[in-house]
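To keep things clear, I will list the structure first and then write my remarks on it.
Numbers for residues simply follow the sequence, beginning at 1.
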Amino acid sequence: MPSVLETHPNGHPTHGDGGRDEAPRAGVVGAGIAGLCAAIALRRAGWRVEVYERSRFKNEIGAAITVSSNATAVLDHWGFDFAKAAPVPNQSTRLVSAKDLSTVMLEEYADIAEQYGHACWSFHRVDLHQGLRDLATDPVEDKGRGWPVEIRLGCEVVGADCDDGIVKLADGRAVAKDLVIIADGVHSHLIEDFTGRQSKLVPTGRSIYRWLVQMEDGLAHPAVRELYENTLPGFLTISDGTGLYLINYTCRGGKILNNAIVHPTDSADVEVNAWHSPVSRDEVLTKIAHFHPSAKSIVEMASEDGIKVHHLYTRAPLPSFVRGRTIIIGDAAHAMIPSHAAGAAMAIESAASLEVLFRGIHGETGAGVVADADDKNRVLFQDRLRLFDKLRIPRCNLAMLASNSANLWLSKPGLEEEIRRFYAGPIPSRHARPWGPEFRELFIHHDEYAAAEAVLKDPGANPNCYAGMQPQ
């Protein structure tokens, strides 16, 4: 079978397989959570989808991730195999003192599935990723699932012509698509091609130590076991009140405890791309030397090479996620720190929008062209791109700005004015907690499928409180 990654002899990029069926063609850059979700959504919308991933999935990140009800609604719709992925329900948030483990705040929401229609789940990231990959590549073709997605591993994209929908590969080839999705993560290599200008990551001055331990080891330790006995599963935060805290929760059927310590970035530790950089137990223990022994015991359970450091960065919010034939989604579009556990959920919501908005689009009449003889389909395609911005700019930029303010929220100078550039709806009160009821209502009590269907029915509708294009 010939490669689909070819350049036409006349020098113009082409789809390569000579296909002239009416199915439109999409190229997705990045096979992380955002990229796979976009691929699944477009597959279900009737597109032929290729995903370009520079890695070979040999070093998947061993950490956990929380997916809230607004996003699990999408996974439920897709028929995601929750039994195989074995996530743990998130039903509580506890904040305890690092000094003596006394309870500072406790919220329980065991009825979250009944309240919002879908459960909130904590996954091992690898398990979520594999479940999404299975959905993308399932060989069964039917009206509901569409053609299987082609994932090209070890296939690096080094550039993109966003206006014309062309991805440029490391081996010199170029591929034209009807639609390109940039989903190459927070350290995106393509964001400057998308924006047409320099786009630097901004250090937050905060970093995270991450590690996993076997829950059976924790429960065997009396000082640790008391933290988890007779409690609902969910977030446990051990904080000293200065912004240094350990947060953890279980995943993979309750067998693994995922841990993170959020701390000020060490001045000597400035490696921008650090994610897998190892950190010694002694370094971490020194950082939390004044914490209760139970917290230190959780660190001591980590294997000597099992703790990694992850630096936190932000970018300025984008006024549009669309350029030409290209859409940017996920962390590449809206880099956010994990204070509201909203990053993955926003990416999955964006996939739901893609699924609804890009149904009924016909394929090319020439390489990389969505059009028919009277250009009606071209107009339809452009309208759907505009509607994607209308739906996703307010939700994603609000989530990013809220998350990156952390506990400051509206106490951060200028934040509300920045939010109002993109989002015109109600917002939580000044003292709302990041995972408190006001933010749960705003972010979790949401149906992106319904929002997308609403703007398709009435393009003048504004279900996600779009504030319009308001450049700074």
Side-chain angles (χ1 to χ4, degrees), residues 28-44 49-68 70-90 119-139 145 148-157 181-188 208 210-212 249-258 260 275-276 306 308 310 329-333 335-336 338 341-352 354-355:
V28 178
V29 183
I33 290 169
L36 288 177
C37 286
I40 294 164
L42 290 171
R43 173 188 181 178
R44 293 174 61 89
V49 184
E50 281 187 297
V51 178
Y52 308 108
E53 170 57 46
R54 64 176 178 169
S55 78
R56 294 191 178 275
F57 290 160
K58 291 182 178 180
N59 295 299
E60 294 178 70
I61 296 165
I65 187 168
T66 297
V67 179
S68 49
N70 51 313
T72 59
V74 181
L75 301 184
D76 285 334
H77 180 74
W78 290 344
F80 184 90
D81 191 342
F82 286 91
K84 182 178 178 182
V88 174
N90 183 308
C120 177
W121 295 106
S122 297
F123 290 86
H124 192 298
R125 185 181 289 266
V126 171
D127 300 334
L128 174 60
H129 188 269
Q130 184 59 57
L132 293 173
R133 190 177 177 185
D134 290 344
L135 282 174
T137 60
D138 184 341
R145 283 177 283 190
V149 173
E150 297 284 347
I151 300 178
R152 311 290 181 184
L153 298 180
C155 187
E156 183 178 3
V157 175
I181 306 293
I182 295 176
D184 59 342
V186 66
H187 297 289
S188 174
I208 298 179
R210 292 185 179 274
W211 74 101
L212 304 174
Y249 53 91
T250 57
C251 61
R252 194 169 281 174
K255 296 178 180 179
I256 293 177
L257 184 65
N258 174 70
W275 177 270
H276 293 292
K308 313 294 183 184
H310 169 207
I329 67 169
D331 289 343
M336 61 184 82
M346 289 299 115
I348 295 170
E349 277 190 10
S350 292
L354 291 173
E355 183 179 348

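S122 places none of its side-chain heavy atoms less than 4.5 Å from the side chain of T250. Under the 4.5 Å side-chain criterion, counting only non-hydrogen atoms from C-beta, F80 is not in contact with D134. Residues N90 and Y249 form no side-chain contact, since every pair of their non-hydrogen atoms from C-beta on lies 4.5 Å or further apart. In this structure, the side chains of M346 and N70 come closer than 4.5 Å at one or more pairs of heavy atoms. Using a 4.5 Å heavy-atom threshold, the side chains of R133 and L36 count as touching. Inter-residue side-chain proximity for I181 and L42 is flagged as met; some heavy-atom pair is nearer than 4.5 Å. Looking at F82 and D76, their side chains come closer than 4.5 Å, going by heavy atoms from C-beta outward. Considering only heavy atoms from C-beta on, D184 stays 4.5 Å or farther from R54 through its side chain.
Distance OG/S350 to CD/E355: 13.0 Å, rounded to 0.5 Å. In this structure, NZ on K308 lies 13.5 Å from CZ on R210, to the nearest 0.5 angstrom. The CZ atom of R44 lies 8.5 Å from the CG atom of L135; values are rounded to the nearest 0.5 Å. Rounding to the nearest 0.5 Å places CG of L132 at 11.5 Å from CG of D81. One distance of note links CD1 of I65 with CD1 of I33; it measures 3.5 Å at 0.5 Å rounding.
The nearest pair of heavy atoms linking A260 to I208 is CB-CG2, 3.5 Å. Heavy-atom minimum distance, A64 versus N258: N-OD1, 3.1 Å. Contact record, V51 with G30: CG1-O, 3.6 Å, taken as the closest heavy-atom pair. Of all the heavy atoms in A38 and L354, the pair that sits closest is CB-CD1, 3.8 Å. Between C37 and W78, the closest heavy-atom pair is O-CH2, 3.6 Å. Of all non-hydrogen atoms in T66 and C120, the two that sit nearest each other are CG2-SG, 3.9 Å.
Counting only distance, with no hydrogens or angles, the side chain of R43 and the backbone of R145 share a donor-acceptor pair below 3.5 Å. A donor-acceptor pair under 3.5 Å is absent between the side-chain atoms of H124 and the main chain of G253, judged by distance alone.
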Problem - side-chain contact (heavy atoms from CB on, under 4.5 Å) evaluation trace for L128 with W121 - result: CA-CA 10 Å; L128 174 60; W121 295 106; over 6 Å; no
